[in-house]
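The structure appears right after this line, and notes come after that.
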Amino acid sequence: MTTLIAPSMLASDFSKLGEEVRAVAAAGADYIHLDVMDGHFVPNLTFGPDIIKALRPHTDKVFDVHLMISPVEPYLEAFAKAGADIISVHPEATPHLDRCLQVIKGLGKKAGIAINPSTSERVLDYALEKADLICVMSVNPGFGGQAFIPEMLEKIARIRDLIRGRDIRLEVDGGVNPETGALCARAGADVLVAGSAVFKDGPAHYRAKIEAIRAAAAGAVGLVA
Ligand SMILES: O=C(CO)[C@H](O)[C@H](O)COP(=O)(O)O
Ligand SMILES: [Fe+2]
């Protein structure tokens with residue numbers, strides 16, 4: 001199982017987002033992770049569908065759109081039209097998770113479920129049929145640069161068991177670096193989101209930072225990087 005690396009643009013230079021997307025794409029990113037925050041579901045604001053639409057021509061990489069907004073249903077179509085490939089919603093942000101997943105699939109996009117650190121994996125029990133990706137939040141959503149919450153490793157392992165045999169990606173988001181990324185991969189994650197760990201030293205280092213996480217993950221699951 002190859003681990004995919006998804007740089008989070010949250011940690012990039014917002015004054016030149018297009019350039020930053022092209023740089024991490026050229027540096028070997030598998031997905032481009034786009035964090036949408038509304039100042040209501042989470043205590044921070046980022047960007048909406050218009051910015052994602054503006055970024056779409058900059059790369060063919062998968063746009064992995066993490067919606068931290070409530071309500072979320074009224075905006076799903078706009079994010080699909082903007083060029084999202086995967087749209088993840090939080091069950092904590094909607095009373096209608098099943099409907100959201102149905103709508104996302106109906107729009108021809110992959111449907112993700114992102115769960116907060118305090119949310120039990122049992123919330124997935126009746127949702128797996130419609131899910132293409134589960135995103136385990138390993139920080140409380142809202143900000144980049146936070147420390148990885150180690151208790152999430154057990155949750156990752158439990159979800160890996162829950163989804164065994166299904167075509168569902170298991171992503172981890174928050175505080176991922178080569179060390180924590182290796183632990184996540186060993187626990188069963190196959191997509192690692194990394195913001196600060198990729199962007200913090202500037203564009204000259206993006207390739208090395210992505211490769212370091214990829215190699216650590218591969219080492220942890222016994223693959224040669
Ligand atoms: O969803 C998020 C925060 O809500 C971000 O994707 C996440 O925090 C990535 O940043 P970092 O790797 O710096 O923790
Ligand atoms: Fe995210």
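Taking hydrophobic clusters as Ile, Leu, Val, Met, Phe, Trp and Tyr residues chained together by side-chain heavy-atom distances below 4.5 Å, V21 shares a cluster with F47. The hydrophobic cluster containing M68 also contains V123, counting ILVMFWY residues as joined when their side-chain heavy atoms lie under 4.5 angstrom apart, directly or transitively. Transitive grouping of hydrophobic side chains (ILVMFWY, heavy atoms separated by less than 4.5 Å) keeps V221 and L4 in distinct clusters. Under the 4.5 Å side-chain contact rule for hydrophobic residues, I86 and L34 do not share a cluster. Follow the hydrophobic side-chain contacts under 4.5 Å out from I134 and you reach I149 in the same cluster.
Proximity of a side-chain donor or acceptor of K130 to a complementary backbone N or O of K105 within less than 3.5 Å is not detected. Judged by distance alone, the side chain of N44 and the main-chain N or O of G142 form a donor-acceptor pair under 3.5 Å. Without hydrogens or angle criteria, D173 side chain to M137 main chain gives no donor-acceptor distance under 3.5 Å. A distance-only check finds no donor-acceptor pair linking the side chain of T3 to the backbone of R214 [under 3.5 Å]. One N or O on the side chain of T46 and one on the backbone of M37 form a donor-acceptor pair closer than 3.5 Å. E92 places no side-chain N or O within donor-acceptor distance of the main-chain N or O of T119, the cut-off being under 3.5 Å. Counting only distance, with no hydrogens or angles, the side chain of T59 and the backbone of A25 share no donor-acceptor pair below 3.5 Å. Looking at Q146, its side chain never comes within 3.5 Å of a backbone N or O of G174 through a donor-acceptor pair. Of the possible polar contacts, none joining the K155 side chain to the E121 backbone as a donor-acceptor pair under 3.5 Å is found. Of the possible polar contacts, one joining the D38 side chain to the S70 backbone as a donor-acceptor pair under 3.5 Å is found.
Under the 4.5 Å side-chain criterion, counting only non-hydrogen atoms from C-beta, D30 is not in contact with I210. Contact of the Y31 side chain with the V191 side chain is registered, since non-hydrogen atoms from C-beta on lie closer than 4.5 Å. Contact check for V72 versus C100: side-chain heavy atoms found under the 4.5 Å cut-off. Considering only heavy atoms from C-beta on, F79 comes within 4.5 Å of V36 through its side chain. Side-chain contact check for F63 versus L55: some heavy-atom pair is nearer than 4.5 Å. Using a 4.5 Å cut-off on side-chain heavy atoms (C-beta onward), K209 and F199 make no contact.
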Problem - CA sep, side-chain torsions, deciding dist, call: K110, L133, side chain to side chain contact (heavy atoms under 4.5 Å, CB included) - result: CA-CA 8 Å; K110 294 203 163 158; L133 177 143; over 6 Å; no

Exercise for the section: With side chain to side chain contact (heavy atoms under 4.5 Å, CB included) as the test, would you mind laying out the steps for V89 and I104 before giving the verdict? Expected result: CA-CA 10 Å; V89 298; I104 295 167; 4.0 Å; yes

Exercise for the section: Under the side chain to side chain contact (heavy atoms under 4.5 Å, CB included) rule, what do V24 and K61 come out as? Steps first, then yes or no, please. Expected result: CA-CA 10 Å; V24 278; K61 300 274 181 189; over 6 Å; no

Practice task
Could you give me the CA-CA distance, side-chain angles and deciding distance for V198 and I213, then say whether side chain to side chain contact (heavy atoms under 4.5 Å, CB included) is met?
Solution key: CA-CA 9 Å; V198 168; I213 300 169; 4.2 Å; yes

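Residue C184 is tested with V193, L170, I156, V136 for a side-chain contact (heavy atoms from CB on, under 4.5 Å); the sole match is I156. Evaluated for a side-chain contact (heavy atoms from CB on, under 4.5 Å) with E154, the options R158, M152, E151 yield exactly one hit, R158.
With rounding to the nearest 0.5 angstrom, the CD1 atom of I159 is 10.5 Å from the CZ atom of R122. Separation of atoms CG (D98) and CD (E129) is listed at 10.5 Å; rounding is to 0.5 Å. A distance of 7.0 Å separates OG of S118 from CG of N140, quoted to the nearest 0.5 Å. To the nearest 0.5 Å, atom OH of residue Y75 and atom CD1 of residue I69 are 6.5 Å apart. Note that CD1 of I115 is 11.5 Å distant from OG of S88, once rounded to the nearest 0.5 Å. Here the CG-CD1 distance, from D64 to I32, works out to 9.5 Å after rounding to the nearest 0.5 Å.
In this structure, E179 and N177 approach most closely via the heavy-atom pair N-OD1, 2.9 Å. Heavy atoms only, all atoms of each residue included: A82 and P49 are closest at CB-O, 3.4 Å. The minimum heavy-atom distance between P141 and N116, with the atom names listed, is CG-OD1, 3.1 Å. When all heavy atoms of G39 and L45 are compared, the pair lying nearest together is N-CD2, 3.6 Å. Heavy atoms only, all atoms of each residue included: L10 and G144 are closest at CD2-N, 3.6 Å. Summarising the geometry of P57 relative to A54, their closest heavy-atom pair is CD-O, 3.3 Å, with the distance given to 0.1 Å.
Summarising the local packing, CG of D167 is surrounded by 12 or fewer heavy atoms from other residues, nucleotides or ligands at distances under 6.0 Å. In the displayed structure, K53 atom NZ is contacted under 6.0 Å by at most 12 heavy atoms of other residues, nucleotides or ligands. Counting non-hydrogen atoms of other residues, nucleotides and ligands closer than 6.0 Å to CG of D125 gives a total above 12.
For the 3.5 Å distance criterion, the side chains of D13 and S15 qualify, holding a donor opposite an acceptor. Under the 3.5 Å distance criterion, with hydrogens and angles disregarded, a donor-acceptor pair is assigned to the side chains of D35 and S8.
We find that R160 and D190 are joined by a salt bridge, their nearest charged nitrogen and carboxylate oxygen being less than 4.0 Å apart.
Using cut-offs of 30° and 60° on the angle between ring planes, the pair H90 and H66 is parallel.
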